Amino acid sequence: RAAGGAGRFLVLYAGGMNHNAAVAPLLAAAELVRDEPFQFVIVGEGLQKSALEEQARNRGLASVVFLPFQPLERYGETLAAADLTVVTLAAEATFASVPSKVYKQMAAARPILAITAGANELERLVRAAGCGFCVSPSRPDEIAAALRYAAAHPEELEAMGRRARQYLEGHCARGPAVERIEQALQPEPPLEPLPPLYRLKMALEWILALAALVVLSPVLAALAWWVKLDSPGPVLFRQLRLGRGGRVFLLYKFRTLRWA
């Protein structure tokens with residue numbers, strides 16, 4: 001809070017500045033609200049920190065302060081000082097990562113601005129908890145709009161922070177997490193006997209599939225020969241896939257990648 005200045009709305013990003021993070025859009029939004037009472041504090045290190053500091057200098061963003069990682073014993077105090085905490089995820093990592101810092105922000109009962117592309121686990125978490133805002137990294141204007149809304153609605157922000165903590169305790173704490181794992185490991189109930197019409201349908205599908213295999217066997221043999229000539233390695237590619245009803249099945253297909 002000492003780095004933020006009195007009377008200013010403090011926006012905090014605390015974490016790594018690496019390729020998975022998308023901190024640059026936050027700087028673009030800071031430029032849009034440069035004449036408004038916002039203070040941006042970016043705490044951490046990483047490969048992109050020097051470039052981000054240079055961007056802030058080139059844009060003349062006096063409202064942006066960079067700090068090194070803080071001691072672990074001060075981490076909770078650092079989060080608690082923020083009016084709004086920020087978690088970011090680069091578009092390239094949309095479905096590959098969930099930043100762990102979001103759980104720490106929720107544990108600190110702080111409202112969250114999630115800068116991330118939509119329809120991923122980070123957005124699902126923030127929306128399910130009702131604990132903040134989700135904005136695309138490609139829309140700094142919407143990030144600025146979310147900042148203005150947050151600053152104008154302090155009571156709503158406090159409610160978001162409370163919901164963040166409540167959701168974390170109810171869904172992500174050890175007890176609920178272990179309970180869900182136990183439920184997932186429970187054996188499935190025995191299957192009920194199939195109705196006669198369904199058994200007839202399955203029999204017809206098997207007969208048609210076998211007939212198709214016989215008819216197409218020359219084509220399939222030619223494809224297998226072509227794959228074998230194209231590159232060394234197995235002709236068929238096998239992989240476990242998740243099917244209907246959450247059932248896992250083994251998929252076979254002709255290999256389309258070169259065998260390394």
Side-chain angles (χ1 to χ4, degrees), residues 1-18 21-46 48-49 52-53 55-57 59 61-89 98-116 122 125-126 129-135 140 143-169 172-173:
R1 175 59 71 173
R8 300 176 74 83
F9 187 88
L10 180 57
V11 181
L12 172 71
Y13 174 85
M17 284 166 260
N18 48 39
V23 183
L26 185 62
L27 297 184
E31 187 171 17
L32 296 176
V33 298
R34 66 189 310 156
D35 297 324
E36 301 172 46
F38 290 96
Q39 181 68 52
F40 299 85
V41 178
I42 300 177
V43 179
E45 304 293 341
Q48 296 184 348
K49 183 173 182 179
L52 292 167
E53 288 177 321
Q55 287 183 38
R57 284 194 300 269
R59 293 174 173 179
L61 298 179
S63 61
V64 177
V65 175
F66 288 86
L67 296 176
F69 277 126
Q70 299 299 294
L72 183 60
E73 58 270 18
R74 294 195 61 192
Y75 188 63
E77 176 187 344
T78 302
L79 293 177
D83 294 304
L84 183 66
T85 58
V86 178
V87 57
T88 69
L89 191 60
V98 180
S100 60
K101 66 176 67 66
V102 68
Y103 298 103
K104 300 165 188 173
Q105 293 165 352
M106 294 172 75
R110 304 316 301 146
I112 295 167
L113 171 61
I115 301 176
T116 177
L122 175 57
L125 178 64
V126 173
C131 64
F133 312 89
C134 297
V135 187
I143 299 173
L147 292 171
R148 293 185 179 109
Y149 182 90
H153 297 83
E155 293 182 359
E156 188 172 342
L157 281 193
E158 285 303 312
M160 287 179 176
R162 289 193 298 270
R163 290 196 294 268
R165 177 74 187 196
Q166 290 167 359
Y167 187 92
L168 190 76
E169 293 177 348
C172 305

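A quick note: this is a predicted structure, and the numbers were derived from the prediction, not measured.
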Work out which heavy atom in [X] is nearest to a heavy atom in [Y]; give both atom names and the distance.
X: V135; Y: A146; result: CG2-CB, 4.2 Å
X: V87; Y: Q105; result: CB-OE1, 3.9 Å
X: Y103; Y: C172; result: CE2-SG, 4.1 Å
X: G7; Y: P37; result: O-CB, 4.4 Å
X: A30; Y: V64; result: CB-CG2, 4.0 Å
X: F133; Y: V126; result: N-CG1, 4.2 Å

I need the [X] [atom1] to [Y] [atom2] distance, nearest 0.5 Å.
X: L10; Y: S63; atom1: CG; atom2: OG; value: 11.0 Å
X: T88; Y: M17; atom1: OG1; atom2: CE; value: 10.0 Å
X: K101; Y: L122; atom1: NZ; atom2: CG; value: 9.5 Å
X: C134; Y: L89; atom1: SG; atom2: CG; value: 11.5 Å
X: Q55; Y: L61; atom1: CD; atom2: CG; value: 9.0 Å
X: R74; Y: L79; atom1: CZ; atom2: CG; value: 12.0 Å

For residues 106-116, which side-chain donor-acceptor pairs fall under 3.5 Å, sequence neighbours excluded?
unit_1 : atom_1 : unit_2 : atom_2 : d
R110   : NE     : A82    : O      : 3.1
R110   : NH2    : A82    : O      : 2.8
T116   : OG1    : N120   : ND2    : 2.9

Checklist entry - Just wondering, more than 12 heavy atoms not from E155 lying within 6.0 Å of its CD? => result no
State, with a plain yes or no, whether a side-chain heavy atom of [X] is found less than 4.5 Å away from one of [Y].
X: Q48; Y: V23; answer: no
X: V33; Y: F40; answer: yes
X: P140; Y: E31; answer: no
X: Y167; Y: C131; answer: no
X: L52; Y: Y13; answer: no

Next on the checklist: If you apply the rule side-chain contact (heavy atoms from CB on, under 4.5 Å), what do you find for T78 with L67, and how did you get there?
Outcome noted: CA-CA 11 Å; T78 302; L67 296 176; over 6 Å; no
Item to check | Sidechain-backbone polar pair: Q70 side chain, P68 backbone, donor-acceptor under 3.5 Å | outcome: yes
Item to check | Any residue meeting side-chain hydrogen bond (donor to acceptor under 3.5 Å, both in side chains) with R148, in chain and number order, not counting sequence neighbours | outcome: E36
Item to check | Qualifying side chain to side chain donor-acceptor pair (under 3.5 Å) pairs with a residue from residues 156-165, counting only residues at least two apart or across chains | outcome: Y149-E156, R165-E169
